[in-house]
Structure formats: structure tokens, C-alpha cells
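These numbers come from the heavy atoms of this one structure, side chains and all, not from hydrogens, waters or symmetry mates. Chain identifiers are assigned alphabetically (A, B, ...) following the order of the sequence lines, protein sequences preceding nucleic acid strands; residue numbering begins at 1 within each chain.
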2 protein chains.
Amino acid sequence: MLSAKMEDYLKAIYRLQRDGDGPVTTSALADALDVTSPTASSMLDTLEERGFVEREKYQGTRLTRDGETVALEVIRHHRLLETYLTEQLGFDWTEVHDEADRLEHHISEEFERRVAAALDDPVVDPHGDPIPSETLEPLDGTPGITLAEQEPGDVVVVERVSDRDPEELSYLSKQGITPDQRVEVLDVAPIGMMTVRVDGDEVSLPDRVTEMIQVITVEEAEL
Amino acid sequence: MLSAKMEDYLKAIYRLQRDGDGPVTTSALADALDVTSPTASSMLDTLEERGFVEREKYQGTRLTRDGETVALEVIRHHRLLETYLTEQLGFDWTEVHDEADRLEHHISEEFERRVAAALDDPVVDPHGDPIPSETLEPLDGTPGITLAEQEPGDVVVVERVSDRDPEELSYLSKQGITPDQRVEVLDVAPIGMMTVRVDGDEVSLPDRVTEMIQVITVEEAEL
DNA sequence: CCTTGGCGTTAGTTGACCCTAATGCTGAGC
DNA sequence: GCTCAGCATTAGGGTCAACTAACGCCAAGG
């Protein structure tokens with residue numbers, strides 16, 4: 001009734017809507033899914049017909065409530081799978097993304113329930129991303145504070161690490177930057193680079209990366 | 001590179017080749033996959049081009065070695081998944097077939113290895129069907145002895161129960177007819193019906209069903 | 001206010017997988 | 001050895017999800 005491709009489109013629209021603000025442009029969506037704009041445009045026609053998105057010509061696309069529910073269902077599958085693969089099958093949490101991306105479209109409700117039960121109904125996945133509830137309530141959309149916004153002297157705890165780029169994810173993991181890790185900001189260079197102390201070691205990170213790390217402040221620097 | 005559909009065709013050809021003997025007819029394949037003969041015929045053209053099957057016009061189709069290897073890979077995935085779902089996720093072994101049928105096409109080699117390891121490299125699935133090895137050696141093709149061939153007084157142990165029809169499977173499971181179960185043949189009626197004792201209870205089964213149950217003889221009736 | 005570059009959409013094509021209708025082969029019985 | 005039923009194949013067409021090429025909208029700068 002709803003193809004794997006359509007689910008991918010709805011999931012991508014959901015993410016883009018959260019990240020940027022306002023309606024999602026066709027080209028941004030096409031980029032995210034690695035298809036051409038006409039392809040995305042025509043799929044959006046179909047999704048609109050079926051009531052999953054609303055569009056205004058030349059202005060952009062927004063999910064309807066139904067579309068959001070489908071996206072949340074797929075994201076729930078994805079994050080439960082990532083958690084399961086990591087915790088029960090011994091995968092490294094930096095490599096589960098692709099596997100989950102394929103399987104998320106093919107598991108039954110029964111499978112979802114049993115996996116959730118085996119994990120004791122987790123509320124976050126191994127990256128620190130929240131797992132939508134079984135009832136698919138909308139997730140809190142507030143953006144959260146990133147490491148990029150911190151000043152020297154601030155001490156924070158890592159809450160989430162974005163799972164967009166597996167390369168970066170793996171690198172950060174090797175540097176010890178994982179959910180629940182304590183991080184102290186040492187220096188912020190004017191060239192878009194930050195130096196932090198993690199687990200005794202000093203690590204330098206570019207803005208592109210620190211923006212992907214969501215944190216909770218533990219101590220503010222004294223002014 | 002090889003679509004889920006193509007894998008389904010190769011798996012079905014493999015089964016039909018094992019069950020019947022000689023090359024597989026287009027209509028038998030079409031029946032098994034619930035498509036029309038022309039659809040099957042044209043897919044067979046494609047599979048022949050790619051070297052997975054050999055055909056002789058109007059005579060039938062046989063798997064090549066490559067085709068057999070693909071079929072065994074898919075069957076390995078299927079049976080590992082059935083075993084895993086049953087043993088680690090608490091599914092009933094009568095209901096895992098459909099889930100495995102979808103997931104078998106979408107798991108990675110890494111996933112396959114980890115599932116096999118988690119199960120301690122099993123050699124049979126919960127139905128008693130053999131699981132192809134990681135190296136995908138051809139399986140022993142000898143048909144095995146079925147419950148249908150037994151005489152009153154024979155005592156056997158159930159080795160495999162075919163997983164074709166989930167309804168029958170569930171019924172048999174409820175009657176206690178599962179792998180490793182001891183079964184005593186009480187009576188064979190001329191109307192294609194057999195009565196057996198299982199776990200103290202008497203159960204009557206039609207030929208259609210007893211032919212699906214493979215057994216190992218424990219005691220022969222005295223003549 | 002008009003042009004132009006960038007983005008969005010429309011039109012037309014392709015490949016995978018399905019269908020129905022029409023045609024071709026083959027073997028069993030007369 | 002011919003006919004005909006039954007199965008296989010060919011022909012033609014539909015849908016889905018992708019593409020390229022062509023065209024339409026719109027806002028920013030001259």
C-alpha cells in the first residue's frame with residue numbers, strides 16, 4: 001500500500017522540515033534522496049494525491065498529520081533496529097545505519113513489538129536520538145543545544161550525535177565522543193575550529209562536526 | 001544487482017526442482033509465485049541472459065550452478081531468520097514464515113554472520129529443514145521417508161514438517177506434531193486417512209498432510 | 001522594468017515487473 | 001498421421017520510479 005520508496009520520501013521530508021524551518025524545497029529533498037528534482041516533484045504529486053503531504057506550487061512541501069505519522073513509524077523502526085543490532089547482535093553503533101535503512105521498511109508490527117520488548121521499550125537509540133513511542137506521538141521539535149555553541153571553560157555531557165555521515169560518526173566514536181560522555185571546551189579558534197578535552201585527551205573539531213553534536217550543559221565558564 | 005523478485009524466482013525453481021524431478025515447467029513456476037505464465041516466461045528470459053538458469057524451449061528450466069548458489073543463499077537467510085525469530089525473539093515457529101520471506105532479501109552478509117553466530121551455527125531450522133552452510137554447498141537431495149509411507153504399528157520420530165501452508169503447520173503444531181516428536185501409527189484407512197498416537201492423544205490426518213511430514217523410523221511393525 | 005539565473009514543473013523515455021489476448025508447439029488419442 | 005487440448009511463448013499494454021530535456025516562475029541587479 002505504501003512503497004519503501006514512499007516511506008523514504010516521507011522520512012526525508014520529516015528530517016528536512018525539522019532541520020530547516022518552513023516548507024521543504026523540491027531540490028533539497030531531491031538532494032537528500034539522491035534523485036533528480038523532476039523525480040522528487042512527481043513523487044510529491046503522488047504523495048499529495050494520497051494525502052501525506054501538502055504543497056503550494058513553487059513554494060514547497062509540508063507533511064500532513066498522516067504523513068508525519070508514517071514518518072514517525074519508519075523512524076521508530078529505524079531506531080529500534082539500530083538499538084537492537086547494537087545491543088543484541090553486537091554491531092558497532094557506527095555501522096548499523098545502512099542495515100537499519102534497509103530493514104526498516106520490511107518488518108511487521110509484530111516484529112517491532114517483540115524487538116521493543118526485548119530492549120525493554122527504549123526511548124533513545126545508540127546515537128542518543130529519541131525513539132518515537134508505539135502510539136507515534138509527535139516528537140518534541142525543539143532543536144537542542146549543540147557543542148558548537150559552547151565557550152571555552154564550559155563543561156557538557158554529550159546527548160546526541162547525528163548519524164548522517166558514518167565516516168564522521170566512526171571518527172567521533174574513536175575519539176570517545178559518544179552519548180553520555182563528559183566533554184570540556186578548551187578553546188574556540190576563529191577559523192571555525194574547537195578544541196575539547198574528552199576522557200583526558202585533547203581533540204580538535206571543525207564547526208561542521210560540532211554542530212552535529214547535541215549536548216547538555218553541566219558547568220558554565222566563569223565570566 | 002539481483003532484485004528481490006529474481007531471488008524469489010530462483011528460490012521457487014530450486015524447490016520445484018527438488019520436489020518434482022526433471023526440469024521445471026513455466027506454469028508450475030507461475031503457480032508457485034502466483035503470477036501468470038507469460039510473466040514467468042519473460043522473467044526466465046532475463047534469468048537465462050544473466051546465467052542463472054538454462055532453458056530448452058517448450059521443455060522447461062533448470063538452475064545453473066550460479067542460480068543454485070543464489071537460491072541456497074536466500075534459503076540460508078530464510079532458515080537462519082526463522083530460527084532466530086523463534087529462538088531469540090520468542091515467535092511461535094508456525095508464524096515466522098512470512099516475516100522471513102520478506103527479510104531474507106534485505107539482510108547483509110554481516111547480519112547473516114552475526115545471526116548465525118548468535119545461534120551457534122545451527123544446521124536445521126525450527127521446522128527441521130536443513131540450513132545451507134556459509135559456503136553454500138549443495139544440500140543432500142534425497143527425498144527422505146514421509147509419515148504417509150508408514151504402516152500401522154510403525155513408530156517414528158518426526159524429522160521435518162514442511163512449512164508450505166501456515167494453517168496446516170499451526171494445526172499440526174497444536175496436535176503436538178513437531179520435530180523430534182515420537183509418533184506411533186495406529187491405523188491406515190483406505191480413504192487416504194491415517195490415525196496416529198502423539199503424546200498420548202489420537203490424531204487423524206489426511207494423506208495431503210502426512211506426505212508433508214518427514215520421519216525417521218524407530219520401530220518397524222511386526223509382520 | 002526588464003533581464004537573467006536558479007529553481008520547479010511538465011513532457012517524454014526507460015527498465016523492471018506485472019497483465020490479457022493471440023499465437024505456436026507438442027504429444028495423446030482417434 | 002491428423003487433430004486438438006494444454007502448455008509455452010510472443011505481442012502489446014499498464015504501473016512505478018527513475019532519468020534528460022524543455023519550459024515556466026520569480027526575485028535581484030542593472
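- Heavy atoms of S42(A) sit nowhere under 4.0 angstrom from any nucleic acid atom.
- Nearest to the side chain of S27(A), among dG8(C), dT9(C), dG24(C), sits dG8(C).
- To the nearest angstrom, P of dC19(C) lies 11 Å from CE of M43(B).
- For K57(B) and dT10(D), the shortest distance from a side-chain N or O to OP1 or OP2 is below 4.0 Å.
- As rounded to whole Å, 15 Å separates atom C1' of dC25(D) from atom CD of E56(A).
- For the pair R18(B) and Y14(B), the distance from NZ or CZ to the six-membered ring centre is under 6.0 Å and the angle to the ring normal is within 45 degrees.
- Side-chain N/O atoms of Y9(B) include one lying less than 4.0 angstrom from OP1 or OP2 on dC18(C).
- Between dT9(D) and S37(B), no contact under 4.0 Å exists linking OP1 or OP2 to a side-chain N or O.
- Phosphate proximity of dC19(D) to T36(A): present, with a side-chain N or O under 4.0 Å from OP1 or OP2.
- Between K5(A) and dC16(D) there is no side-chain N or O to OP1 or OP2 distance below 4.0 Å.
- Considering only the side chain of P38(A), dA21(D) comes nearest among dA21(D), dA18(D), dT20(C).
- Salt bridge annotation for E110(B)-R114(B): present, with a cationic side-chain nitrogen under 4.0 angstrom from a carboxylate oxygen.
- E7(A) places no side-chain N or O within 3.5 Å of a backbone atom of S3(A) that could act as its donor or acceptor partner.
- Nearer to the 5' terminus of DNA chain D, by closest-nucleotide assignment, is the contact made by T46(A) (compared with the other of Q59(A) and T46(A)).
- As a whole-Å value, the separation of M6(A) CE from dA18(D) P is 10 Å.
- The CG-P distance, from D45(A) to dA18(D), rounds to 14 Å in whole Å.
- Between the C1' atom of dC7(D) and the CZ atom of R55(B) lies a distance of 13 Å, rounded to the nearest Å.
- Atom CG in L44(A) sits about 10 Å away from atom P in dG8(C), given to the nearest Å.
- Here dC18(C) presents its P atom at 8 Å from CG of L33(B), a figure rounded to the nearest Å.
- E99(A) has a carboxylate O that lies under 4.0 Å from a charged side-chain N of R102(A), or vice versa, which qualifies the two as a salt bridge.
- For H78(B) and D125(B), the side-chain atoms include no donor-acceptor pair closer than 3.5 Å.
- Regarding contacts with the backbone of dC19(D), a side-chain N or O of T39(A) is found under 4.0 angstrom from either OP1 or OP2.
- At whole-Å resolution of the value, CZ in R50(B) and P in dG15(C) are 12 Å apart.
- Between dT9(C) and T26(A), a contact under 4.0 Å exists linking OP1 or OP2 to a side-chain N or O.
- Nearest-nucleotide positions on DNA chain D for S3(A) and G60(B) put G60(B) closer to the 5' end.
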